[in-house]
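Encoded as structure tokens, the structure appears first; notes follow it.
A, B, ... follow the sequence lines: proteins, then strands. Residue 1 opens every chain. Worth knowing before you read on, the calculation uses all heavy atoms, side chains too, and leaves out hydrogens, waters and symmetry mates. Just so we're clear, the structure is a prediction, and the values are computed from it rather than from any experiment.
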There are 2 protein chains.
Amino acid sequence: MEATSPILSRKAQIDQTATALFRRRGYAATSMRELAAALGIEAGSIYSHIKSKEELLHRICFRVADEFMAGLRSATADDTEPAAIHLRRAIDSHVRVLIHDTDASAVFLHEWRHLSEPALSEFVQLQRNYEAAFRDMIARGVADGALRTPDPAFATLTLFASVTWLPNWYRPDGKLGPDQIAERLTNQLFDGLAT
Amino acid sequence: MEATSPILSRKAQIDQTATALFRRRGYAATSMRELAAALGIEAGSIYSHIKSKEELLHRICFRVADEFMAGLRSATADDTEPAAIHLRRAIDSHVRVLIHDTDASAVFLHEWRHLSEPALSEFVQLQRNYEAAFRDMIARGVADGALRTPDPAFATLTLFASVTWLPNWYRPDGKLGPDQIAERLTNQLFDGLAT
DNA sequence: TATGGTTCCTAACGTTCGTTAGCAAGCCAT
DNA sequence: ATGGCTTGCTAACGAACGTTAGGAACCATA
């Protein structure tokens with residue numbers, strides 16, 4: 001399978017269709033028979049390609065998590081830059097990951113609680129690490145005078161809140177493209193913090 | 001049952017426990033046996049008090065929706081006031097409804113999709129009406145010069161986004177009380193729009 | 001053509017689900 | 001004390017679930 005080919009392997013089809021269904025109906029309310037029907041096969045056949053329903057969820061959640069962490073690392077790679085620059089780039093990256101694949105993002109944001117241990121704890125820890133990185137950036141920016149907020153934790157929470165609903169309303173065919181969305185939100189979120 | 005009594009009727013206990021469980025585990029992933037266990041009774045006994053699982057969800061969703069609509073009506077009752085004042089008050093009301101009962105709010109925000117028709121369509125229509133009211137207020141504020149945004153629809157979406165995640169992190173025992181949260185968020189959201 | 005691997009269908013499994021019906025126990029009013 | 005109502009238990013129902021195992025069909029390769 002070539003990366004540029006529009007023809008997906010059966011496994012990729014399963015992943016993609018599951019992502020869309022999990023997003024629309026929720027993981028728990030999506031049955032494997034429903035997923036199979038959407039793929040034009042029978043439920044039992046899915047197990048030729050995957051081990052379990054949860055494997056699908058696991059893959060979606062940890063793939064998106066990896067993207068977030070990679071974006072954060074990239075945004076903050078240069079230690080010589082001030083925290084405010086890092087923050088701005090991290091917000092931009094965060095927004096872009098969210099709108100890159102809104103189905104997967106929505107599943108990532110809402111369905112992780114259906115993971116079993118030990119994946120669940122692992123996932124929660126990743127979440128916390130990611131949030132802590134933003135909180136640190138904000139606090140550093142405040143400390144060096146480039147940012148202002150009475151409460152870095154509060155600012156971090158409202159920052160994430162502002163974009164978390166994004167997959168629910170962003171439409172790739174909307175009148176705003178990814179660059180415009182990313183820019184608008186980044187500006188709006190950053191402006192609320194800049195001195 | 002007196003309104004001031006801390007002792008809840010069995011039905012109120014069911015409602016409350018269901019709200020908490022639906023919020024934590026999701027509607028679809030919460031079984032009636034689980035709900036019964038949390039109440040210290042057997043699943044079959046719940047049906048002495050309710051007709052169906054969905055009745056619980058319906059009640060939660062439409063109760064919160066009523067609260068939102070009531071707050072909006074109250075915030076915008078005086079026609080002689082400018083749109084910006086209405087908007088500010090409507091945001092404040094919106095935030096207060098959300099934090100008044102975070103379990104019910106979270107269920108309201110995320111679990112409505114499990115409603116059956118015709119309740120589902122009815123609910124979606126309520127959502128749309130509520131959002132449209134905010135969009136109108138913003139547009140009116142822009143028209144009379146008190147507010148600025150290049151796009152009232154975008155502003156409405158980001159406004160709702162900013163507060164929608166609130167039930168996930170607000171804690172009644174946190175260091176910020178309802179008034180402070182409402183004020184901070186209202187200020188922050190309003191400041192992003194005020195000229 | 002024969003063989004091996006992959007994919008799918010099918011029937012079925014064991015489990016869980018929301019719910020019902022019948023009965024017993026408890027409570028309250030007369 | 002009696003009767004009626006409410007509440008809860010229990011067993012069971014029919015349906016749906018995630019998954020397995022066996023076999024058939026298909027495809028690629030020698």
Side-chain angles (χ1 to χ4, degrees), chain A residues 1-2 5-61 107 111-120, chain B residues 1-2 5-61 107 111-120:
Chain A
M1 283 295 129
E2 293 120 339
S5 170
I7 303 198
L8 299 172
S9 69
R10 180 57 92 183
K11 185 163 177 181
Q13 287 174 20
I14 292 172
D15 275 4
Q16 191 173 105
T17 306
T19 304
L21 282 175
F22 290 169
R23 185 261 178 87
R24 204 171 88 240
R25 306 181 46 69
Y27 173 78
T30 301
S31 72
M32 300 302 274
R33 288 169 175 84
E34 200 166 2
L35 174 57
L39 291 159
I41 57 175
E42 297 294 327
S45 311
I46 296 183
Y47 294 89
S48 297
H49 305 274
I50 63 164
K51 234 183 6 252
S52 68
K53 184 182 181 184
E54 187 166 327
E55 180 189 305
L56 293 170
L57 181 63
H58 187 285
R59 196 146 56 228
I60 298 165
C61 290
V107 171
E111 305 297 325
W112 56 266
R113 62 188 165 175
H114 300 296
L115 291 170
S116 301
E117 294 294 353
L120 180 60
Chain B
M1 284 294 124
E2 294 120 341
S5 168
I7 302 198
L8 299 172
S9 69
R10 179 59 90 183
K11 186 163 177 180
Q13 287 174 20
I14 292 172
D15 275 4
Q16 190 174 106
T17 307
T19 304
L21 283 176
F22 291 169
R23 185 262 175 87
R24 205 172 87 240
R25 304 180 48 69
Y27 174 78
T30 301
S31 71
M32 299 303 275
R33 287 171 176 84
E34 200 165 4
L35 173 57
L39 291 159
I41 58 175
E42 298 293 327
S45 311
I46 296 182
Y47 294 89
S48 298
H49 305 275
I50 63 164
K51 246 200 334 273
S52 69
K53 184 182 183 184
E54 187 166 326
E55 179 190 306
L56 293 170
L57 181 63
H58 187 285
R59 197 145 57 228
I60 298 165
C61 291
V107 173
E111 306 296 326
W112 56 266
R113 62 186 165 177
H114 300 296
L115 291 170
S116 301
E117 295 292 354
L120 181 59

**Asked** Sequence neighbours excluded, which residues qualify as side-chain hydrogen bond (donor to acceptor under 3.5 Å, both in side chains) partners of A:Glu34?
**Response**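 Testing A:Glu34 for side-chain hydrogen bond (donor to acceptor under 3.5 Å, both in side chains), a comparison that skips the adjacent residues, returns A:Arg25.
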When rounded to the nearest 0.5 angstrom, what distance separates [atom1] in [X] from [atom2] in [Y]?
| X | Y | atom1 | atom2 | answer |
| --- | --- | --- | --- | --- |
| A:Asp15 | A:Phe22 | CG | CZ | 9.5 Å |
| A:Cys61 | A:Leu56 | SG | CG | 11.0 Å |
| B:Glu54 | B:Leu115 | CD | CG | 5.5 Å |
| A:His49 | A:Glu55 | NE2 | CD | 11.5 Å |
| B:Met32 | B:Ile14 | CE | CD1 | 8.0 Å |

- Query: Would the number of heavy atoms belonging to other residues, nucleotides or ligands and lying under 6.0 Å from CZ of A:Arg24 be above 12?
  - Reply: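 12 or below, so no.
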Check your understanding: So does B:His49 get a side-chain nitrogen or oxygen closer than 4.0 Å to the phosphate oxygens (OP1/OP2) of D:dG8?
Key ->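 Looking at the OP1 and OP2 atoms of D:dG8, one of them is under 4.0 Å from a side-chain N or O of B:His49.
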Got a list of protein N/O to nucleotides 13-18 of chain D N/O distances below 3.5 Å?
from   : atom 1 : to      : atom 2 : distance (Å)
D:dG18 : OP1    : A:Thr30 : O      : 3.4
D:dG18 : OP1    : A:Lys53 : NZ     : 2.7
D:dG18 : OP2    : A:Met32 : N      : 2.8
D:dG18 : N7     : A:Arg33 : NH1    : 2.9
D:dG18 : O6     : A:Arg33 : NH2    : 2.9

Note to self: Which residue in the set A:Leu21, A:Leu39, A:Leu8 passes side chain to side chain contact (heavy atoms under 4.5 Å, CB included) when paired with A:Gln16?
What the structure shows: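 So, applying the side chain to side chain contact (heavy atoms under 4.5 Å, CB included) to A:Gln16 and each of A:Leu21, A:Leu39, A:Leu8, only A:Leu8 qualifies.
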Gap between atoms [atom1] and [atom2], on [X] and [N] respectively (whole Å):
| X | N | atom1 | atom2 | result |
| --- | --- | --- | --- | --- |
| A:Ile14 | C:dT7 | CD1 | C1' | 10 Å |
| B:Leu39 | D:dG8 | CG | P | 9 Å |
| B:Leu35 | C:dC17 | CG | C1' | 14 Å |
| B:Glu42 | D:dC9 | CD | P | 5 Å |
| B:Ile41 | C:dT19 | CD1 | C1' | 14 Å |
| B:Ile46 | D:dT10 | CD1 | P | 15 Å |

Fill in: B:Arg10 side chain, from C-beta outward: closest of D:dG8, D:dT19, C:dC8
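Among the listed nucleotides, the one closest to the side chain of B:Arg10 is D:dG8.
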query: Nearest to the side chain of B:Ser45 - D:dT10, D:dG8, C:dC8?
result: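 It is D:dG8.
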**Prompt:** Is a side-chain N or O of B:Tyr27 found less than 3.5 angstrom from the main chain of B:Val107, in a donor-acceptor match?
**Reply:**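 Between the backbone of B:Val107 and the side chain of B:Tyr27 there is no qualifying donor-acceptor contact (under 3.5 Å).
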Terminal helix-axis angle for the helix from C:dT1-D:dA30 to C:dT30-D:dA1, with five pairs defining each axis and rounding to 10 degrees:
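Overall, the helix from C:dT1-D:dA30 to C:dT30-D:dA1 bends by 10° from one end axis to the other.
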